[in-house]
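Note that this is a predicted model, so its numbers are computed, not measured. Atoms within each ligand, like the ligands themselves, are counted from 1 in listed order.
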Amino acid sequence: MEKKPALALYNTLSREKEPFAPIDGELARMYTCGPTVYDFAHIGNLRSYVFMDILRRVLSRNGYRLKHVMNITDVGHLVSDSDTGPDKIVKGALEQNMTPYEISEKYAKAFMDDMAALNIGRPEIIAKATEHIPHMLAFVERLVEKGYGYEISDGVYFDIGKFGRYGRLSRADLDDQLAGARVGVNPEKRHPADFALWIKAPKEHIMQWPSKWGMGYPGWHIECSAMALHYLGEVFDIHTGGVDHIPVHHENEIAQSDALIGRQAVMRWMHGEFLTVDNGKMSKSLRNTYTLADLRARGFEPLAFRYFCLNGHYRNKLNFTWDGMKSAAVSHRRFLEGALLHRGAPADGAAAAEAGRLRAEFDAAANDDLNVPKALGVAWNAIRYPVKSDAIYALLLDMDSVFGLGVGSGAAPQQADSERGGGVPADAEALLEERRAAREAKDWKKSDELRDSLKALGYSVIDAKDGQRLERI
Ligand code: AMP
Ligand code: ZN
């Protein structure tokens with residue numbers, strides 16, 4: 001196989017794409033903040049884990065072995081990320097009339113099912129917070145011994161003043177961040193942004209463990225630091241999460257871990273941007289926190305949603321609409337059908353040479369900070385190659401080791417109820433797809449040329465807020 005272009009990955013810490021090489025030679029060590037399991041995952045959460053999965057697949061494609069830890073938060077994540085409000089699991093348990101353990105068991109299993117349905121690879125180690133309380137307590141004790149933690153009436157807190165480098169990841173001005181915020185903080189804290197390492201539990205609190213500071217439970221941030229240290233060692237390669245984690249959760253993880261070991265614990269931080277719905281935030285009150293079950297109820301296969309996610313680069317916002325979901329389902333089906341047309345077709349020298357060229361283009365895109373939308377455009381070029389050839393099919397199968405869209409899983413999915421009334425031919429669909437990739441890459445010239453090609457086929461392109469749509473002229 002030809003040599004791949006070097007893998008470059010963006011680092012939120014430096015705000016730059018940096019070449020990737022693991023500390024341990026062939027072994028890439030990585031940690032991902034997993035779900036808080038008090039409810040079904042919504043499609044925004046799931047987008048984050050599709051990003052995590054693409055990263056896993058690209059690392060493997062580059063020949064690295066993975067030691068990847070993902071936690072399951074089943075205690076300690078308070079309703080506000082800044083340590084206020086009730087514990088989300090306890091609140092969920094009370095609302096759903098179950099014990100916290102039943103709640104977390106139920107939704108952790110549902111999450112694993114969602115991951116499997118979306119072809120998201122399972123991290124090598126899945127760690128439940130409640131099964132690692134001794135590791136967290138040991139971590140907190142060491143921080144206190146080193147002078148970074150202090151006890152007050154309601155818990156043990158981290159002293160960000162002592163740390164001195166707080167805020168490097170978000171580059172936030174701490175004073176700005178604090179102005180007017182954090183009402184009701186315990187006045188005993190040395191600094192209003194000092195965060196809880198260990199929270200003392202009132203008697204009626206359902207989940208609590210003994211500690212040298214009395215009965216209590218861990219703060220959310222210490223969970224990730226302690227489990228990462230336990231499984232990955234003091235210094236490791238990559239830590240991922242959603243962009244919402246940057247200002248508080250990951251800032252706090254950095255403070256705890258770097259303070260404990262006396263140097264930088266995580267070499268690279270990577271964050272997935274948000275999925276919006278109808279250009280806004282998902283919220284229970286707007287009834288738009290859709291789950292995979294909601295998508296299925298409307299006739300959409302989980303892998304069609306995966307295809308939807310691959311349309312956006314992980315560092316860009318992606319907007320979900322039902323129309324956009326419908327075109328993703330159509331494109332996904334056409335993609336699988338188009339690939340199948342090449343299967344078993346006679347070998348063709350020119351096609352094999354083209355496949356080699358496209359493979360290199362694909363790898364360049366995938367290795368350029370996971371530019372999957374661009375890589376998908378390359379795959380569509382392969383599908384559209386005018387001569388059907390098994391060499392192209394083999395290439396598409398190979399590319400699917402990153403896409404995970406189900407090429408090679410047998411037949412293409414049937415046209416779903418959700419798609420009825422489509423009827424756009426495959427070549428127009430492929431051109432539209434190519435135009436989407438061109439626009440993602442801000443190649444406006446190519447985008448206009450493709451508009452003209454579509455016109456020649458009898459379609460005009462409508463550029464709507466949620467993406468492009470074809471209309472018969
Ligand atoms: P949680 O279960 O709340 O801890 O969130 C699980 C993951 O989903 C975290 O990595 C969040 O950053 C991520 N997340 C939450 N909302 C969204 C969203 N709208 N789009 C993408 N990721 C999200
Ligand atoms: Zn975390």
Side-chain angles (χ1 to χ4, degrees), residues 12 30-55 68-81 85 87-89 91-92 103-104 107-108 110-112 114-115 118 120 123 126-129 132 136 139 169 195 218-232 236 238-257 265-266 269-284 286 288-292 305 308-309 312-320:
T12 310
M30 169 158 104
Y31 187 94
T32 294
C33 290
T36 309
V37 282
Y38 62 101
D39 202 349
F40 293 108
H42 60 57
I43 53 177
N45 302 137
L46 294 172
R47 180 190 184 202
S48 269
Y49 297 104
V50 169
F51 148 60
M52 164 193 99
D53 178 59
I54 294 289
L55 176 59
H68 179 197
V69 182
M70 182 181 74
N71 66 294
I72 299 283
T73 298
D74 54 357
V75 66
H77 191 170
L78 305 190
V79 165
S80 153
D81 287 354
D87 184 311
K88 290 188 182 190
I89 302 282
K91 182 167 177 277
I103 282 278
S104 54
Y107 293 113
F111 180 73
M112 295 304 155
D114 286 352
M115 290 222 307
L118 287 168
I120 296 173
I126 295 183
K128 274 192 188 165
H132 296 79
M136 298 167 200
F139 200 118
L169 184 68
F195 55 90
W220 172 40
H221 321 296
I222 199 72
E223 300 180 1
C224 290
S225 288
M227 291 189 281
L229 174 71
H230 176 61
Y231 288 108
L232 298 175
F236 60 96
I238 307 177
H239 195 312
T240 81
V243 286
D244 56 324
H245 288 158
I246 298 172
V248 178
H249 184 48
H250 288 169
E251 211 68 272
N252 293 356
E253 274 195 50
I254 289 175
Q256 295 163 157
S257 302
V266 177
W269 288 86
M270 294 180 70
H271 294 97
E273 245 302 348
F274 261 34
L275 183 83
T276 53
V277 172
D278 297 327
N279 285 308
K281 204 171 146 62
M282 265 180 267
S283 85
K284 290 240 158 78
L286 293 172
N288 65 3
T289 49
Y290 305 125
T291 62
L292 224 43
F305 176 67
F308 181 92
C309 292
H313 188 263
Y314 77 92
R315 284 198 287 121
N316 292 336
K317 284 204 174 71
L318 182 64
N319 186 45
F320 180 91

Distance-only side-chain donor-acceptor flag, Y38 / D74, under 3.5 Å
no
H221 and F195: aromatic ring centres closer than 6.0 Å?
yes
C33 SG to C224 SG via the Zn ion (ligand 2), rounded to 10°, gives 130°
Would you mind listing which atoms of ligand 1 come within a distance below 4.0 Å of any non-hydrogen atom of M282?
19 (N)
4.5 Å side-chain heavy-atom contact, L118 and L292:
yes
What are the atoms of ligand 1, with element, lying closer than 4.0 Å to any heavy atom of H42?
16 (N), 17 (C)
If we only count N/O pairs under 3.5 Å, is R47 in contact with ligand 1?
no
Of the listed options (N45, V37, D39), which comes nearest to atom 5 (O) of ligand 1 when hydrogens are ignored and any heavy atom counts?
N45
For G241, is at least one N or O under 3.5 Å away from an N or O on ligand 1?
no
Nearest protein heavy-atom contact for atom 9 (C) of ligand 1: which residue, which atom, what distance?
H245 CE1, 3.5 Å
Shortest protein heavy-atom distance from atom 21 (C) of ligand 1, along with the residue and atom involved:
G44 O, 2.9 Å
For atom 7 (C) of ligand 1, what is the closest protein heavy atom, and at what distance to 0.1 Å?
Y49 OH, 3.4 Å
Using the ring of each side chain (for Trp, its six-membered ring), is Y107 parallel, tilted or perpendicular to F40, with breaks at 30° and 60°?
perpendicular
Any heavy atom of K281 sitting closer than 4.0 Å to ligand 1?
no
Examine H249 and say whether one of its N/O/S atoms is closer to the Zn ion (ligand 2) than 2.8 Å.
yes
Answer yes or no for H245: is there an N/O/S atom below the 2.8 Å cut-off from the Zn ion (ligand 2)?
no
Side chains of H271 and T12: do they bring a donor and an acceptor to under 3.5 Å?
yes
Sub-4.0 Å atoms of ligand 1 with respect to non-hydrogen atoms of L275:
18 (C), 19 (N), 20 (N), 21 (C)
Short side-chain donor-acceptor distance under 3.5 Å, T276 and D278:
no
Evaluate the ring planes of Y49 and F111, with Trp represented by its six-membered ring, and classify them as parallel (under 30°), tilted (30 to 60°) or perpendicular (over 60°).
perpendicular
Among all protein heavy atoms, pick the one closest to atom 2 (O) of ligand 1 and tell me residue, atom and distance.
T36 N, 2.9 Å
Give me the residue, atom name and distance of the protein heavy atom closest to atom 12 (O) of ligand 1.
D244 OD1, 2.4 Å
Contact summary for V50 and C309, nearest pair of heavy atoms:
CG1-CB, 4.0 Å
Between W269 and H245 (judged by ring centroids, cut-off 6.0 Å), do the two rings come close enough to count as a pair?
no
Side chains of E253 and C33: does their closest heavy-atom pair fall under 4.5 Å?
yes
If you count the atoms of ligand 1 from 1 in the order shown, which ones are under 4.0 Å from a heavy atom of S48?
8 (O), 10 (O), 13 (C), 21 (C), 22 (N), 23 (C)
Tell me whether the Zn ion (ligand 2) has H221 as a neighbour, meaning an N, O or S atom of it below 2.8 Å.
no
So, for Y231 and H132, is the gap between ring centers shorter than 6.0 Å?
yes
